[in-house]
Amino acid sequence: MICGRCEREFDHKKQDFCSYCKTVHTADGEPVRDINGVVKYIVDRFGSEVLLDRRRTDALVADIFPKENAIRRLLYVALYDGCAKKLIGVRGKPFEVRCAAAARCVKSLRDEVGLKGKSAADAVEAIGQALGCEIAFKRPAETPVSVTESKKNIDDAAEQYSLGRHFDRIKAYDKALYWFEQSALQDCGEAQYYVGLYRLEGRACAQDVEQAWEWLLRGAENGIPAAQYMTAQFLAEGISCERNEELAFKWFMEAALAGYDEAVNVIALCYENGVYVSKNPDIAAKWRGGLTPEQYTEEQAEQPQPLSNDGEELYQSARRCLSEQDYEGAAMFYKRAAEMGHARAQCSYGKCLYLGSGVAKNPAAAFSWFARSAEQNLDIAQYNLGIMYLKGVYVEKNRDEAKRFFELAAQNGHPEAEKILAKLK
């Protein structure tokens, strides 16, 4: 049998749970992962009377379903409130009486124990079903995501993208797609990439490869490395577009120059094997080894420079993403503000690249952004460059250069730089 959670194979004839992730399965091969399945499994094996002893039920659930802690707590609270006893008492009564008793159980769990209405109703319904006490609750019709989400009236593309990333992270894909689409329509490149990805995978929508291509291309044109890489893949294979190896190589190169690891690997392979370009092992080796700080700066200088803008609004959006632990969103907004010349954003994006926070780790690019920020006399950027030279992180150790940057940082008021200078002297 194939596990419905980890997709590994186990022998269901010997045991009804997966040997790897301990997920219990029914005889039909369905994983038991919700409260209805857990309660039914316990009752089928040990009888309905077991629900009258909440401590024994709790011990059984903990032993058989060790990964379902949330269900275990919910079930324990529901049984502690005497839910099973109340439903057993009305098991043979008319339907209206059973439903009224179930409603009182939900009210008690909500008002006295503090469970949310839906959680309480789910628990009561699961216990009633396991006891053979048929009940039903009036549930409001589910409002479409497009209606509920649009009531939030958020018009800023950056905020819309941040919401999309939040919902994507918690796997609420329908809401994520809604906000990504709203942001993408305002020409947010990162959102366009995600809309393309969702369309390609058929996530929260019907799979549509042609629409995926259109959105990924728009994201690539807006400078998103992941979108540039995917666009190159489409062009190389002729997926929903005419095959164009020359253009594919161009997009691979764009993504590689931005430090996108997969694209860097493709460029190295191209030069190693003579695909799209003339075979050149030396250039391939350089790509394998990574660009030096000086080479990276030169490559960046060849790219068209953005229009002058202080980028403060984007910088603040990055900080909001950071407070929500959306590290990819923060890195994206820091980068956009940095490209507009915002000194603190340049330093913050450099730190993202240095640590690999929300973006692929790239010390060479980090060095470049710290240098740009240091040129604007930002003390923390000058301090970071001093650290890189002092420790020999990506650049060769150079005590004199480190000391020079620490002196600049100290002159601009950085306290840690002053302490390090005192030790170096």
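Not measured: the values here are computed from a predicted model.
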Can any side-chain N or O of [X] pair as donor or acceptor with the backbone N or O of [Y] at less than 3.5 Å?
X: Q346; Y: A338; value: yes
X: S357; Y: C352; value: no
X: R243; Y: A236; value: yes
X: N273; Y: L269; value: yes
X: S373; Y: R344; value: no
X: R91; Y: L131; value: yes
X: Q207; Y: L200; value: yes
X: E190; Y: F333; value: no
X: R54; Y: L79; value: no
X: N265; Y: D261; value: no

Pair M332-Y161, side chain to side chain contact (heavy atoms under 4.5 Å, CB included): steps then yes or no: CA-CA 10 Å; M332 180 270 290; Y161 172 76; 3.0 Å; yes
Exercise: do Q129 and E125 side chains pair donor with acceptor under 3.5 Å: no
Pair Y76, R72: side-chain N/O donor-acceptor within cut-off below 3.5 Å: no
Using a 6.0 Å cut-off, check whether atom [atom1] of [X] has over 12 heavy atoms from anything other than its own residue.
X: K86; atom1: NZ; value: yes
X: Q186; atom1: CD; value: yes
X: R110; atom1: CZ; value: yes
X: K40; atom1: NZ; value: no

To the nearest 0.5 Å, what is the distance between [atom1] ([X]) and [atom2] ([Y])?
X: R203; Y: Y173; atom1: CZ; atom2: OH; result: 5.0 Å
X: I42; Y: S48; atom1: CD1; atom2: OG; result: 13.0 Å
X: E237; Y: E245; atom1: CD; atom2: CD; result: 9.5 Å
X: Q233; Y: F252; atom1: CD; atom2: CZ; result: 4.5 Å
X: E262; Y: M230; atom1: CD; atom2: CE; result: 10.5 Å
X: Q160; Y: Q182; atom1: CD; atom2: CD; result: 5.5 Å

Side chain to side chain contact (heavy atoms under 4.5 Å, CB included) assessment of F249 paired with I267: CA-CA 8 Å; F249 182 79; I267 294 297; 3.7 Å; yes
Can you tell if the side chain of [X] reaches within under 4.5 Å of the side chain of [Y], non-hydrogen atoms only?
X: Q192; Y: I224; answer: no
X: I387; Y: I420; answer: yes
X: Y194; Y: L177; answer: no
X: D168; Y: F180; answer: yes
X: F46; Y: T57; answer: no
X: F234; Y: L216; answer: yes
X: L247; Y: T231; answer: no

Which pair of non-hydrogen atoms, one from [X] and one from [Y], has the smallest distance, and what is that distance?
X: V90; Y: R98; result: O-CG, 3.2 Å
X: S162; Y: C321; result: OG-SG, 3.4 Å
X: I380; Y: C347; result: CG2-SG, 3.5 Å
X: R165; Y: D326; result: CB-OD2, 3.2 Å
X: Q376; Y: G341; result: NE2-O, 3.0 Å
X: V359; Y: A331; result: CB-CB, 4.3 Å

Whether Y354 and F370 hold their rings parallel, tilted or perpendicular, with breakpoints at 30° and 60°: tilted
Aromatic plane relationship, F405 with Y389 - under 30° parallel, 30 to 60° tilted, over 60° perpendicular: parallel
Near-ring test F406/Y383, centroid separation under 6.0 angstrom: yes
Centroid separation Y178 to F167 less than 6.0 Å: no
With Q411 via side chain to side chain donor-acceptor pair (under 3.5 Å) - residues at least two apart: none
Partners passing side chain to side chain donor-acceptor pair (under 3.5 Å) against N280 (at least two apart in sequence or in another chain): none
Side chain to side chain contact (heavy atoms under 4.5 Å, CB included) between W251 and L235, worked out: CA-CA 9 Å; W251 283 119; L235 286 163; 3.5 Å; yes
Salt-bridge criterion met for R320 and E159 (N-O under 4.0 Å): yes
Ring pair (Phe, Tyr, Trp, His ring centres under 6.0 Å) involving Y315 - partner list, sequence neighbours excluded: Y334, H342
E339 vs W369, side chain to side chain contact (heavy atoms under 4.5 Å, CB included): CA-CA, chis, key distance, verdict: CA-CA 10 Å; E339 289 170 343; W369 284 111; 4.0 Å; yes
